[in-house]
Protein chains: 2
Amino acid sequence: MIKELEISNQKSKIIEEMGVYFECQDGMSPLSSRIFALLVLEGSKGATFEEIVEALEISKSSASTNLQLLQSMGRISYYTKPGDRKRYFKASVNSLINRLDDKIEAWKRERCLHERVASYRKNVITLTDLDKKEVEKDLSFNLQYIEFVDVMIQNLGKLKNNILQTVNQE
Amino acid sequence: MIKELEISNQKSKIIEEMGVYFECQDGMSPLSSRIFALLVLEGSKGATFEEIVEALEISKSSASTNLQLLQSMGRISYYTKPGDRKRYFKASVNSLINRLDDKIEAWKRERCLHERVASYRKNVITLTDLDKKEVEKDLSFNLQYIEFVDVMIQNLGKLKNNILQTVNQE
DNA sequence: CGTTTAGTTCGGTAAAAACCGAACCAAATA
DNA sequence: TATTTGGTTCGGTTTTTACCGAACTAAACG
């Protein structure tokens, strides 16, 4: 049927683009990205190991390795059906939340680093023969930046809670 | 002097940690990360090509390549002093804004991708023998996700404007 | 108990990324 | 005009990443 062909065509295009996106954005390996993209597309029914191997034309070993990786990152999970040995992998419901958590964690690290930069600046200011005005200006920019990061972290936290609510209320 | 040693020690630790951070977070090469970290630390006075090469113990060629890369990414810039051929490289004032822009751009791409996923789902729903209820549920989650991304983009936009204001009002 | 199914583990290879040295260039200086 | 300074470019090497095939395991089936 023509419609089916069209769909699978559309599918592989989306997988490819999503794949590249996650590769660049989240620093995952090409295969991990493609697998995750496929599972996002498949939705809650997920896909079996075999289906993944065939759809992406990859080796079983790569599939295995990358599926484990994705699980340890908290981005996918699997369920089983009674009387069926196969695993059905799917993008975990929390993959979104986990990603957000990762981002929040990253901003916190950034905050921490910039606090150290600020303290370094304070340290430098007492000692060097540099233009103190300049260093002080740098320092104040630094502190402003930290405030900004705080707002960022708060915002992300709020968003996370929003999502948690909408997910739970279902 | 002991204090100076202590400072340079502190400096190299911060550079290393910041370096790793940018490497993981923004996907830049190890050397680009270290250079950028150094320049963040140096503040508005910046550092010359030679200083960078010596401080990080890297080759001139690597320094050159990575400095060009960082410039093309909009993360650093340089100024010159009259009667001095050297370039003084520094983290560009806009590096923060540029990073934010990149993040906003990324979320927009993600939004776009998920719209395509949604349209794929609608397409599938009309055709397959799958459990329609499931697919519809997936679809609604999908649309919710897109809304979430919108909020994210808006938030980032607001933050960007805030920063632009505080920067300009100086 | 032999075979099939559903995956895992390990060793190796191919491709890509990161970095370097040497040769080079252009502007300033002697 | 020869030399020094401040970098750039290019070719090659090393390291890392990504992936695969073959051998293996554990559970289920016949």
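So you know, we letter chains A, B, ... as the sequences are listed, proteins then strands, and number each from 1. Because the structure is predicted, anything quoted here is derived from the model rather than measured.
Listed by residue number, the members of residues 75-89 of chain A with any heavy atom below 4.0 angstrom from DNA chain C are A:Arg85, A:Lys86, A:Arg87.
One atom, CG of B:Leu31, and another, P of D:dT15, lie 15 Å apart when rounded to the nearest Å. Rounded to an integer number of Å, the gap from CZ of A:Arg34 to C1' of D:dA18 is 12 Å. We find that CD of B:Glu23 is positioned 10 Å from C1' of C:dA18, with the value rounded to whole Å. At whole-Å resolution of the value, CD1 in A:Ile58 and C1' in C:dA14 are 18 Å apart. At whole-Å resolution of the value, CE in A:Met28 and P in D:dT17 are 17 Å apart. Atom CD of A:Glu54 and atom C1' of C:dT5 are 14 Å apart (whole Å). Separating the CG atom of A:Leu69 from the P atom of D:dC19 is a distance of 11 Å, rounded to the nearest angstrom. One can place CZ of B:Phe22 at 17 Å from P of C:dA18, the figure rounded to the nearest angstrom.
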Solution key, residues 147-163 of chain A side-chain donor-acceptor pairs under 3.5 Å, sequence neighbours excluded:
| from | atom 1 | to | atom 2 | distance (Å) |
| --- | --- | --- | --- | --- |
| A:Asp150 | OD1 | A:Arg111 | NH1 | 2.6 |
| A:Asp150 | OD2 | A:Arg111 | NH1 | 2.5 |
| A:Lys160 | NZ | A:Asp101 | OD1 | 2.8 |

Solution key, residues 23-32 of chain B side-chain donor-acceptor pairs under 3.5 Å, sequence neighbours excluded:
| from | atom 1 | to | atom 2 | distance (Å) |
| --- | --- | --- | --- | --- |
| B:Glu23 | OE1 | B:Arg34 | NH1 | 2.9 |
| B:Glu23 | OE1 | B:Arg34 | NH2 | 3.2 |
| B:Asp26 | OD1 | B:Arg99 | NH2 | 3.4 |
| B:Asp26 | OD2 | B:Arg75 | NH1 | 2.7 |
| B:Asp26 | OD2 | B:Arg99 | NE | 2.9 |
| B:Ser29 | OG | B:Ser32 | N | 3.2 |
| B:Ser29 | OG | B:Ser32 | OG | 3.3 |
| B:Ser29 | OG | B:Asn66 | OD1 | 3.2 |
| B:Ser32 | OG | B:Asn66 | OD1 | 2.7 |

For residues 83-96 of chain A, run the donor-acceptor check on the side chains, cut-off 3.5 Å, and write out each pair with its distance to 0.1 Å, sequence neighbours left out.
| from | atom 1 | to | atom 2 | distance (Å) |
| --- | --- | --- | --- | --- |
| A:Asp84 | OD1 | A:Lys86 | N | 3.0 |
| A:Asp84 | OD2 | A:Tyr88 | OH | 2.8 |
| A:Ser92 | OG | A:Gly74 | O | 3.2 |
| A:Ser92 | OG | A:Ser95 | N | 3.1 |
| A:Ser95 | OG | A:Ser92 | O | 3.1 |

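Note on A:Lys11 versus A:Glu42: salt bridge recorded, some NZ/NE/NH1/NH2 to OD/OE distance being below 4.0 Å. Of the charged side-chain nitrogens involved, none lies within less than 4.0 Å of a carboxylate oxygen, so that B:Arg109 and A:Glu17 do not count as a salt-bridged pair.
Comparing D:dA18, D:dG6, C:dC19 by their closest approach to the side chain of A:Ser29 singles out D:dA18.
In this view, A:Phe49 satisfies the ring-ring contact (aromatic ring centres under 6.0 Å, His included) rule with no residue, not counting sequence neighbours.
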What are the atom names and distances for every N/O pair under 3.5 Å that joins the protein to nucleotides 9-12 of chain C?
| from | atom 1 | to | atom 2 | distance (Å) |
| --- | --- | --- | --- | --- |
| C:dT9 | OP2 | A:Gln68 | NE2 | 3.4 |

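More than 12 heavy atoms of other shown residues, nucleotides or ligands fall within 6.0 angstrom of atom CD in B:Gln71. Around the OH atom of A:Tyr21, the shell of radius 6.0 Å holds more than 12 heavy atoms that belong to other residues, nucleotides or ligands.
Residue whose closest nucleotide on DNA chain D sits further toward the 5' end, between B:Phe49 and A:Ala63: B:Phe49.
Contact detail for A:Asn142 and A:His114: the closest heavy-atom pair is OD1-O, 3.2 Å.
The residue A:Leu67 sits apart from the nucleic acid: no heavy atom pair falls under 4.0 Å.
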